[in-house]
There are 2 protein chains.
Amino acid sequence: MALVFSSGSATSGPRSASKILNAARDVLSAQGYPALTIEAVAAAAGVGKTTIYRWWPSKEALVADALAEIFRADEIPDLGDTHAELRQAVDMTIDNYTNEDMATALPALAASLLPHPELMTRFRETFLHRKRENIAAALHRGIQRGDLPDDLDTDLVQDIWAGTILYRRLMTGSPLDTDLAEHLVQLTTKAPPLLPRRESPRTSR
Amino acid sequence: MALVFSSGSATSGPRSASKILNAARDVLSAQGYPALTIEAVAAAAGVGKTTIYRWWPSKEALVADALAEIFRADEIPDLGDTHAELRQAVDMTIDNYTNEDMATALPALAASLLPHPELMTRFRETFLHRKRENIAAALHRGIQRGDLPDDLDTDLVQDIWAGTILYRRLMTGSPLDTDLAEHLVQLTTKAPPLLPRRESPRTSR
DNA sequence: CCAGGATCGATACGATACGTATCGTTACGG
DNA sequence: CCGTAACGATACGTATCGTATCGATCCTGG
């Protein structure tokens with residue numbers, strides 16, 4: 001993974017990039033996003049803070065590169081089984097947000113980049129596009145197999161999947177378990193039940 | 001709306017609460033969440049920063065109260081029309097996140113409160129529970145009318161609705177338009193199409 | 001209507017992090 | 001093996017933090 005958010009102006013490149021990015025994730029885990037200061041990362045990495053300022057223009061850029069290294073955007077292999085492939089897609093998204101750092105830092109990052117269109121574009125390229133393309137490929141295979149409606153809105157499906165997972169992790173705190181994964185997959189299938197039902201009917205609050 | 005995040009230790013109460021909360025939202029709109037410092041709010045409100053520190057224990061608490069004042073958690077009236085009621089529920093959520101401040105500050109707030117369970121609980125009570133109860137009431141009316149499956153998972157429905165809306169606003173930047181609202185509502189109906197389709201078949205992406 | 005208590009604004013304080021500049025040292029590649 | 005860069009250390013001025021203090025002001029209840 002290249003340092004997409006690094007300045008990278010000079011001719012060679014940072015010698016201690018991975019040491020710094022590891023330290024950034026360590027600080028993130030131990031102290032949380034607000035306490036992640038450049039000076040703290042420098043201390044944790046055993047590095048002069050000058051070195052960090054040399055290569056990353058801001059705390060946001062540093063965090064983005066640190067997260068990009070552990071963000072999963074795998075290709076979904078053709079398993080000949082639409083359900084299994086979609087389940088793999090959902091599981092990958094759940095994996096990404098199960099990570100504590102990712103769950104807190106990604107939304108904080110997006111929120112602070114939102115007013116800066118150019119940085120936001122780079123953020124989307126790093127954390128959205130590749131993953132979405134790979135999942136879209138799996139969805140299209142499902143459509144061609146006749147397992148999914150041929151006018152399926154693949155973008156909306158992915159918004160629903162990732163949105164629900166992010167929302168549960170960030171806001172409600174509900175578990176990201178296999179039931180959720182299965183419900184989200186079943187949302188896309190042709191036949192009912194299209195909307196997930198509760199396992200055991202309860203009175204719901 | 002009471003100042004749920006204020007310390008409120010003394011006997012009387014802040015004389016200039018609304019002036020301060022208005023200023024906080026002004027700074028948020030003009031400068032963004034990271035630039036929202038206590039001193040900036042104090043200056044914008046024409047108030048000594050001591051006064052803010054007297055009543056709010058942190059920047060997060062101040063922002064939470066400022067957002068709580070404009071967060072919509074309306075009751076959904078019984079319209080005798082399930083579709084109309086659900087549409088109203090979705091529109092309310094879209095309204096909440098269409099607001100620029102809310103879209104950037106709420107996720108940032110949640111992310112910074114996530115490691116503090118007690119504050120996170122108060123956050124959820126303020127920004128989740130009341131709204132969810134009101135929407136759940138509408139969903140239950142729909143179930144009793146026979147318009148919705150009687151084992152509908154009302155919690156998951158709301159996670160999907162709010163999650164998709166938040167994700168679009170924060171991450172993808174896709175529009176929160178009437179098409180989206182309609183698709184989200186139709187997700188819950190019994191009869192196909194349960195998963196929203198694209199209007200005009202395109203090549204996807 | 002006035003007294004007393006609470007809130008207010010102003011100011012000062014040490015601490016921390018910012019981002020930049022400088023400078024001598026270290027490491028790596030041609 | 002030598003030169004070019006990346007490096008670490010250090011120092012600097014600025015900004016904000018959160019706290020303490022203190023006299024002025026509000027406003028409430030008696």
Side-chain angles (χ1 to χ4, degrees), chain A residues 2-3 5-24 26-28 30-66 105 108-109 112-113 115-116 119, chain B residues 2-3 5-24 26-28 30-66 105 108-109 112-113 115-116 119:
Chain A
L3 301 172
F5 288 88
S6 157
S7 323
S9 50
T11 53
S12 313
R15 281 209 289 265
S16 46
S18 73
K19 187 166 53 165
I20 290 170
L21 296 178
N22 281 329
D26 288 347
V27 172
L28 198 53
Q31 317 283 343
Y33 185 79
L36 189 149
T37 68
I38 301 283
E39 307 207 327
V41 175
V47 144
K49 72 169 173 166
T50 319
T51 302
I52 297 181
Y53 279 112
R54 237 193 299 271
W55 295 105
W56 287 275
S58 66
K59 157 180 170 170
E60 284 74 28
L62 177 62
V63 174
D65 276 336
L109 202 51
S112 62
L113 263 38
H116 307 286
L119 290 175
Chain B
L3 301 173
F5 289 88
S6 158
S7 322
S9 51
T11 53
S12 313
R15 282 209 289 263
S16 46
S18 72
K19 187 167 53 164
I20 290 171
L21 296 178
N22 281 328
D26 288 346
V27 173
L28 198 53
Q31 317 283 343
Y33 184 80
L36 188 150
T37 67
I38 301 284
E39 308 207 324
V41 175
V47 142
K49 72 168 175 166
T50 318
T51 302
I52 297 181
Y53 279 112
R54 236 193 300 271
W55 295 105
W56 286 275
S58 66
K59 157 180 168 169
E60 285 73 29
L62 176 63
V63 174
D65 276 336
L109 202 51
S112 62
L113 263 38
H116 307 286
L119 291 175

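Proteins come first, then strands; the chains are lettered A, B, ... in the order of their sequence lines, and each starts at number 1. All values derive from a computational prediction rather than experimental measurement.
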Exercise for the section: Would you please test B/W56 and B/I20 for side-chain contact (heavy atoms from CB on, under 4.5 Å) and show each step? Expected result: CA-CA 11 Å; B/W56 286 275; B/I20 290 171; 3.9 Å; yes
Exercise for the section: Any chance you could lay out the side-chain contact (heavy atoms from CB on, under 4.5 Å) test for B/K19 and B/V47, step after step, and finish with the verdict? Expected result: CA-CA 9 Å; B/K19 187 167 53 164; B/V47 142; 4.0 Å; yes
Exercise for the section: Could you walk me through whether B/T37 and B/K59 pass side-chain contact (heavy atoms from CB on, under 4.5 Å), step by step? Expected result: CA-CA 7 Å; B/T37 67; B/K59 157 180 168 169; over 6 Å; no
Exercise for the section: Apply side-chain contact (heavy atoms from CB on, under 4.5 Å) to B/K49 and B/I52, showing your working. Expected result: CA-CA 5 Å; B/K49 72 168 175 166; B/I52 297 181; 5.5 Å; no
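Going from atom CG of B/L62 over to atom C1' of D/dT16 covers 15 Å, rounded to whole Å. Here the P atom of nucleotide D/dG18 and the CH2 atom of B/W56 are 15 Å apart, to the nearest Å. Look at CD1 on B/I38: it is 17 Å from C1' on C/dA17, rounded to the nearest Å. The nearest whole Å value for the distance from the CD atom in A/E39 to the P atom in C/dG19 is 10 Å. Summarising the geometry, the separation between CZ on B/R54 and C1' on D/dC22 is reported as 11 Å, rounded to the nearest angstrom.
No side-chain donor-acceptor contact under 3.5 Å links A/D65 to the backbone of A/L21.
In this structure the side chain of B/L62 never reaches within 4.5 angstrom of the side chain of B/F5, judged on heavy atoms. The shortest distance between side-chain heavy atoms of B/E60 and B/L109 falls below 4.5 Å.
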Look for any protein N or O under 3.5 Å of an N or O in nucleotides 23-25 of chain D and output each such pair with its distance, or none.
none

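When all heavy atoms of B/A105 and B/V63 are compared, the closest pair comes out as CB-CG1, 4.3 Å.
The stretch residues 45-53 of chain B comes close to DNA chain D through B/K49, B/T50, B/Y53, each having a heavy atom under 4.0 Å from the strand.
The phosphate of C/dC8 has OP1 or OP2 within less than 4.0 Å of a side-chain N or O from B/W55.
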